[in-house]
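Worksheet: the structure to be examined is printed underneath.
Naming convention: chains lettered A, B, ... in sequence-line order (proteins, then strands); numbering from 1 in each chain.
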Amino acid sequence: MRWSRIFIPTRKEVPKEAESVSHKLMLRAGLIEPQVSGVYTYLPLGWRVLKKIQKIMRREMDRIGAQELLMPALTPSSIWKESGRWEDYGDEMFRLKDRKESEMALAPTHEEVITTIVRNHIRSHRSLPQIWYQIQTKYRDEMRPRGAVLRARTFIMKDSYSLDQDETGLQKSFSLHEEAYRRIFSSCRLKPVEVRASSGLMGGSNSKEFMVISESGEDRIVNCPNCGYSSNLEVANLLPTPVNFENGKLKKVGTPVEGSVDAISRFLNVPPSKLMKSLLYIKKDKPVWIVIRGDYEVDEEKLKKEFKGIRIATQEEVKEVAGASVGYVSPIGLNLPVIADLSIKQGLGFVSGANEDYYHYTGVDPNRDLDMKKFVDLRKFKKGDLCPECRTPVEWKNAIELGHIFKLGTKYSKAMGAYFIDENGEKKPIVMGSYGIGVERIMASVIEVSHDKNGIIWPASIAPYQILLINLNASDSKGVALCEDLYRLLGEEFEVLYDDRDERAGYKFNDADLIGIPIQIIVGSKGLKKGMIEIKNRKTGEIKKVVSKEVKEVVKKIWGNL
RNA sequence: CGGGGUGUAGCGCAGUUAGGAUAGCGCACCUGCUUUGGGAGCAGGGGGUCGGUGGUUCAAAUCCACUCACCCCGACCA
């Protein structure tokens with residue numbers, strides 16, 4: 001393809017909305033064009049990259065015996081009502097009505113559609129197992145799209161679904177996908193970490209995410225440098241930092257300062273971790289105490305998940321229940337239910353409110369002095385928290401979620417009636433798995449981990465073109481003739497983009513580095529005087545000078561080593 | 001949905017505090033000449049509902065009200 005003919009709107013300046021590296025470079029390199037928030041056109045160069053990623057996906061899915069099909073994006077509400085996700089998906093599902101006023105949805109994922117096909121056709125264990133996949137556009141009305149294609153409202157997903165007789169079969173299909181995914185990512189030169197994850201709306205027992213470490217990632221993952229434990233922060237079960245305090249007798253002391261953890265710990269000259277924070281909540285109109293170590297905060301989301309409809313008490317309610325102001329209160333002596341965060345479990349000799357303004361207790365032993373109903377993990381994790389396997393402090397990283405694989409089990413087959421008859425003549429629900437990879441996220445992640453100050457550096461496997469032939473001087477007839485020859489010759493074996501534009505050299509060099517094609521072949525008057533042509537490796541910057549006859553051979557050699 | 005920010009030419013911005021003449025600048029675009037190895041120079045030119053609606057005023061990009069869009073943080077989520 002000649003650059004003078006292909007549409008690649010590169011730019012020097014970036015629209016100000018772009019924040020992440022990949023967002024900026026995708027706009028600057030002319031890969032994508034925004035339509036509305038979270039919706040993008042893939043321009044010719046970007047689409048070539050996405051098609052190459054899809055080709056790799058097809059190759060690897062086919063390798064594990066999966067079959068490609070294509071399901072509709074437009075779906076009737078009835079199937080979502082059967083599974084319960086018409087409600088569960090909430091505002092994130094794009095909904096519409098057809099001319100007959102029937103409710104429809106643009107599918108955000110395809111478990112329901114797959115299950116309708118399965119229940120119509122799979123009757124016998126003889127038809128199992130199956131793995132079906134598609135590469136298709138998904139629609140999700142995200143609360144907050146961000147980072148261009150990193151979190152979009154329409155995006156391309158490779159999603160596959162496995163059908164098995166039992167858990168053993170599911171485990172096998174799951175392992176096949178793990179293998180296929182590792183191959184796909186490694187073909188794209190990505191090295192994702194695999195972490196435990198939340199199944200969320202998908203349901204099921206077990207799920208695993210493939211995450212690429214990147215500053216632009218919106219997920220937090222924690223990773224243990226000692227034993228390899230790794231998890232998405234949202235499902236991690238980290239241990240609090242250890243404390244070791246002496247026990248003591250309950251003693252009331254005057255604390256004539258502000259009641260904050262900070263002020264009290266400074267006044268009494270003890271670390272914040274020696275304080276026991278007591279927070280009054282209201283659950284079903286009844287007061288309940290939550291106690292947590294002073295150096296931690298309550299994670300409101302964990303709390304709400306654990307106790308539906310709970311809310312923090314007002315200052316007036318605290319005064320009424322405890323007889324003192326916030327900051328000087330605790331459950332001690334109040335005979336009310338107490339829920340303790342795990343951080344309290346190992347503690348002794350705590351400082352806590354005495355239910356009188358400007359007084360605290362020291363030497364609090366929670367087991368002795370409180371009526372604790374139970375210990376629950378309610379704290380917001382913080383850096384320094386320990387690995388649950390080996391008690392080493394974990395590392396925190398931002399990451400981009402590239403793929404997520406789920407053991408769904410029988411959630412959908414039971415809800416929607418997808419049963420088969422096993423070899424004993426018994427009717428059983430089909431055991432399902434669901435597996436997704438974001439196609440655009442691979443493109444963005446590659447840019448995040450493979451770029452320099454001049455632009456993108458594509459790995460050979462997904463580069464939009466393999467070779468960029470640059471004619472530095474479009475008005476030099478000798479150079480033009482040579483370039484035309486090279487263009488034809490190299491085109492026999494490579495995907496060549498030929499920069500034949502009548503632009504200045506600097507302009508072309510900058511464009512070349514920006515769009516990041518792995519091999520640049522530079523034809524310019526400086527080299528031609530000595531009969532030499534330059535071959536530049538975009539990644540290493542290494543330049544080889546060769547005579548024109550040798551170009552193809554040298555390029556083949558370099559390409560083989562990319 | 002909560003908090004913050006931004007809307008002026010295709011892109012980046014100034015002008016808005018303190019209302020006032022034809023709304024500016026850089027890049028990009030068009031024409032011509034000169035240039036030609038890391039985003040050229042000179043000369044000329046085109047391009048604007050100042051996000052929208054309503055109001056205040058002799059006069060609104062500028063003040064007021066409402067509204068829309070986009071971005072960032074949070075919440076939520078694959």
Side-chain angles (χ1 to χ4, degrees), chain A residues 9-20 23-24 27-28 30 33-39 85 88-93 107-111 138-148 150-153 155 157-159 195 197-204 207-211 216-219 232 234-235 299-302 304-305 380 399-406 434-441 453-455 470-476 479 501-514 520 522-529 532-534 536 541 543 545:
Chain A
T10 58
R11 27 180 151 191
K12 200 156 61 169
E13 288 173 305
V14 207
K16 61 172 178 291
E17 70 261 20
E19 191 73 17
S20 64
H23 191 175
K24 285 179 186 162
L27 288 171
R28 285 195 54 212
E33 174 77 8
Q35 184 61 242
V36 292
S37 178
V39 179
R85 291 207 291 186
D88 292 349
Y89 239 106
D91 291 336
E92 208 168 308
M93 186 145 72
T109 173
H110 278 75
E111 284 75 16
K138 299 285 185 266
Y139 298 84
R140 296 186 188 177
D141 195 358
E142 293 290 343
M143 284 175 177
R144 181 148 101 79
R146 68 186 105 179
L150 280 181
R151 188 174 209 82
R153 296 197 295 170
F155 62 99
M157 181 189 262
K158 188 293 301 166
D159 48 325
V195 304
S198 155
S199 302
L201 266 180
M202 305 295 282
S207 90
K208 182 191 237 184
E209 287 170 330
F210 294 78
M211 310 287 261
S216 303
E218 51 183 340
D219 282 284
N232 195 309
E234 62 189 14
V235 294
D299 187 324
E300 292 284 329
E301 294 313 314
K302 284 184 184 174
K304 278 183 204 153
K305 243 175 229 170
K380 211 175 261 178
I400 299 166
E401 178 192 350
L402 289 180
H404 198 160
I405 57 182
F406 301 85
S434 162
Y435 316 85
I437 301 184
V439 177
E440 298 93 329
R441 279 187 181 179
K453 66 176 183 353
N454 296 322
I470 307 170
N471 183 8
L472 285 188
N473 190 345
S475 56
D476 172 36
R501 296 173 300 172
D502 188 11
E503 293 289 351
R504 299 172 61 80
Y507 189 91
K508 292 190 174 192
F509 282 134
N510 283 318
D511 262 358
D513 288 347
L514 177 60
Q520 297 173 11
I522 301 157
V523 177
S525 48
K526 205 162 103 183
L528 284 181
K529 272 182 207 152
M532 300 302 256
I533 288 161
E534 291 160 39
K536 179 179 160 189
I543 293 173
K545 294 181 183 173

For the side chain of A:Glu234 and the base of B:A78, is some donor closer than 3.5 Å to an acceptor across the two?
no

Which part of the nucleic acid does A:Gly455 contact within heavy-atom distance under 4.0 Å: base, sugar-phosphate only, or nothing?
nothing

Round to a whole Å and report the spacing from NZ of A:Lys24 to P of B:C72.
11 Å

When both distances are under 3.5 Å in a Watson-Crick or G-U wobble arrangement, the nucleotide paired with B:G39 is none

Taking NZ from A:Lys508 and P from B:U36, how many angstroms apart are they, rounded to a whole number?
15 Å

Which nucleotide, B:U36, B:G39, B:G74, lies nearest any side-chain atom of A:Asn473?
B:U36

Does a distance-only test, which skips hydrogens and angles, find a donor-acceptor pair under 3.5 Å between the side chain of A:Glu503 and the base of B:G39?
no

When you measure from the side chain of A:Glu19, which nucleotide among B:A78, B:C72, B:G37 comes out closest?
B:C72

Under 4.0 Å, heavy atoms only, any strand: does A:Asp476 hit a base, just the sugar-phosphate, or nothing?
nothing

Tell whether A:Asn454 reaches the base of B:G38 with its side chain through a donor-acceptor pair below 3.5 angstrom.
no

Looking for any heavy atom pair under 4.0 Å, which part of the strands does A:Glu401 touch: base, sugar-phosphate only, or nothing?
sugar-phosphate

With a 3.5 Å limit on both atom pairs, tell me what B:A65 is paired to, counting Watson-Crick and G-U wobble, or say none.
B:U53

Could you tell me whether A:Met202 contacts a base, only the sugar-phosphate backbone, or nothing, with contacts defined as non-hydrogen atoms closer than 4.0 Å?
sugar-phosphate

Quiz question: going by heavy-atom distance under 3.5 Å, is there a donor-acceptor pair between the base of B:G39 and the side chain of A:Glu13?
no

Can a donor-acceptor pair under 3.5 Å be found between the side-chain atoms of A:Arg28 and the base atoms of B:G39?
yes

Base, sugar-phosphate, or nothing for A:Lys529, non-hydrogen atoms under 4.0 angstrom?
nothing

